[in-house]
Every structure is written in structure tokens, then in C-alpha cells.
Amino acid sequence: MVTEDARKIFIDYLRQNAHRITNERFLILDSALNMAGHFNADELYLKMKNDYLNVSRATVYKTLDLMSECDLLTKHNFKGERTRYETKFGRNQHYHIICVHCNRILEFEEPKIGKLQEEVCKKNELKLVDHTLQVFAECKDEKACEYKNEGKHH
Ligand SMILES: [Zn+2]
Ligand SMILES: [Zn+2]
């Protein structure tokens with residue numbers, strides 16, 4: 001099961017780095033991996049509160065950082081936004097297009113982008129470690145943008 005594999009990665013990481021292994025952290029791990037799309041720490045915290053899961057806000061913040069450090073989550077800083085997270089575990093590398101009017105986030109996969117960067121690194125005698133890409137775009141008709149008033153990310 002996916003969650004079991006993710007738990008194993010997390011436990012190994014916590015052990016190796018002498019972090020405490022607590023039940024609270026596992027509750028947060030499970031809830032975070034079940035969040036759809038791009039969420040911030042407070043959204044996860046509120047979701048857990050709604051689910052009657054008793055965790056502290058500080059622990060949510062800390063655990064999300066730990067999960068990012070061991071590559072279970074990707075940490076995003078979308079333009080002008082608070083940090084958002086999304087599941088990285090079990091997902092293909094993908095990129096984001098952000099509408100500057102409505103903040104809608106579209107995802108796309110394009111292996112050519114990764115290859116190109118590998119080539120550039122190689123040319124400079126470097127080894128690619130990671131990369132991200134955010135593309136900013138406008139919808140065709142700003143006023144008619146159906147997402148404009150949603151004020152939500154996907
Ligand atoms: Zn738009
Ligand atoms: Zn994404």
C-alpha cells in the first residue's frame with residue numbers, strides 16, 4: 001500500500017535525523033497524503049480539526065517541513081502566496097501554469113523539460129538534483145474567467 005511505503009520512508013528519515021517518532025506525526029502524514037491539490041499548512045490543520053484529529057498547529061507546520069525534506073511532499077511558493085504543499089510521493093514530475101488573474105493552477109507533464117535541464121547541467125559539468133517550473137499566464141478573457149471568483153486553488 002502506498003501509505004505504508006510512505007510511512008517507511010518517513011520513519012527512516014526521522015530515525016536518521018534523530019527526530020522524534022510520534023503518533024501525531026503519523027496522523028499528519030496520513031492526512032497530508034490524502035489532501036488533494038496544493039494546500040497550505042492551515043488548510044490541513046483545519047481539515048484535521050474537522051476530522052476530530054487532535055494535533056497542534058505547530059506540529060502540523062513542522063511535520064510538513066519534515067515530509068518535504070524526505071521528498072514525500074513538494075513545497076511550493078507560488079507568486080505572492082503562502083507556502084503550499086502537494087504530494088510528491090508516487091507522482092510524476094509535473095509543472096504548474098498559474099493564471100495571473102484568477103490564480104487557477106494547471107498542472108502539466110513534459111519530459112522534454114527535464115531532459116533539457118539535464119543537458120544544460122551536463123554541459124556545465126553539474127549533476128541535476130531537482131527542478132521546478134512555474135509558468136504565469138493570462139486567461140483569454142479576464143472578465144469571463146470562470147475561476148475568477150472562486151478564490152481557490154486546485
Ligand atoms: Zn483565469
Ligand atoms: Zn501540482
Side-chain angles (χ1 to χ4, degrees), residues 1-14 17 19 24-51 53 55 57-121 126-154:
M1 213 185 127
V2 172
T3 315
E4 288 307 311
D5 294 342
R7 273 170 174 249
K8 201 187 165 308
I9 291 169
F10 196 48
I11 291 170
D12 288 348
Y13 179 78
L14 294 176
N17 294 278
H19 292 296
E24 215 182 351
R25 283 188 172 154
F26 286 107
L27 288 176
I28 296 163
L29 175 110
D30 288 346
S31 300
L33 293 177
N34 282 321
M35 290 290 278
H38 314 92
F39 59 93
N40 67 37
D42 279 343
E43 283 165 359
L44 176 63
Y45 174 70
L46 290 175
K47 167 89 175 58
M48 292 188 74
K49 256 185 113 173
N50 273 330
D51 293 343
L53 295 168
V55 291
R57 196 184 288 257
T59 310
V60 169
Y61 274 78
K62 177 70 184 162
T63 305
L64 289 174
D65 274 338
L66 291 170
M67 287 180 71
S68 307
E69 283 164 23
C70 60
D71 277 345
L72 292 172
L73 297 178
T74 310
K75 209 169 169 173
H76 293 295
N77 284 301
F78 294 121
K79 211 175 179 180
E81 273 266 347
R82 306 165 54 187
T83 301
R84 287 184 177 273
Y85 300 85
E86 76 176 323
T87 303
K88 183 173 186 178
F89 183 73
R91 288 203 67 187
N92 291 338
Q93 169 90 51
H94 68 274
Y95 307 103
H96 299 96
I97 303 180
I98 299 136
C99 175
V100 294
H101 297 312
C102 62
N103 290 331
R104 178 162 67 120
I105 300 173
L106 288 169
E107 296 185 332
F108 68 100
E109 289 183 21
E110 182 48 80
K112 270 185 258 169
I113 293 170
K115 284 212 185 82
L116 193 62
Q117 291 178 90
E118 265 166 31
E119 280 169 28
V120 174
C121 287
L126 296 164
K127 189 176 157 280
L128 183 68
V129 176
D130 198 7
H131 66 280
T132 61
L133 178 65
Q134 288 181 26
V135 181
F136 296 96
E138 292 180 318
C139 18
K140 268 191 184 159
D141 181 357
E142 188 187 342
K143 287 193 190 84
C145 179
E146 58 178 309
Y147 298 93
K148 193 168 168 99
N149 295 316
E150 245 179 48
K152 249 181 149 181
H153 290 269
H154 301 280

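Order of appearance sets the numbers: ligands from 1, and atoms from 1 within every ligand.
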Donor + acceptor pair across side chains of [X], [Y] (<3.5 Å):
X	Y	value
Glu86	His94	yes
Glu110	Tyr95	no
Asn40	Tyr45	no

* Asked: With the Zn ion (ligand 2) as the point of reference, which N/O/S atom of His96 is the closest?
  ->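 Going through the N, O and S atoms of His96 one by one, NE2 ends up nearest to the Zn ion (ligand 2).
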* Taking the Zn ion (ligand 2) as the reference point, name the nearest N/O/S atom of Glu107. =>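 Nearest to the Zn ion (ligand 2) within Glu107's N, O and S set: OE2.
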* **His94 backbone or side-chain N/O/S under 2.8 Å from the Zn ion (ligand 2)** =>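 Yes.
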* Asked: At the Zn ion (ligand 1), what is the angle formed between atom SG of Cys139 and atom SG of Cys102, rounded to the nearest 10°?
  ->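 Answer comes to 170°, rounded to 10°.
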* Asked: What residues form a salt bridge (charged side-chain N to carboxylate O under 4.0 Å, His left out) with Lys8, not counting sequence neighbours?
  ->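 Lys8 satisfies salt bridge (charged side-chain N to carboxylate O under 4.0 Å, His left out) with Asp12 only.
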* Residues which pass salt bridge (charged side-chain N to carboxylate O under 4.0 Å, His left out) with Lys62, listed by chain and number, not counting sequence neighbours ->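 Testing Lys62 for salt bridge (charged side-chain N to carboxylate O under 4.0 Å, His left out), a comparison that skips the adjacent residues, returns none.
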* Is there an N/O/S atom in His101 that lies less than 2.8 Å from the Zn ion (ligand 1)? ->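 Checking His101: none of its N, O or S atoms is under 2.8 Å.
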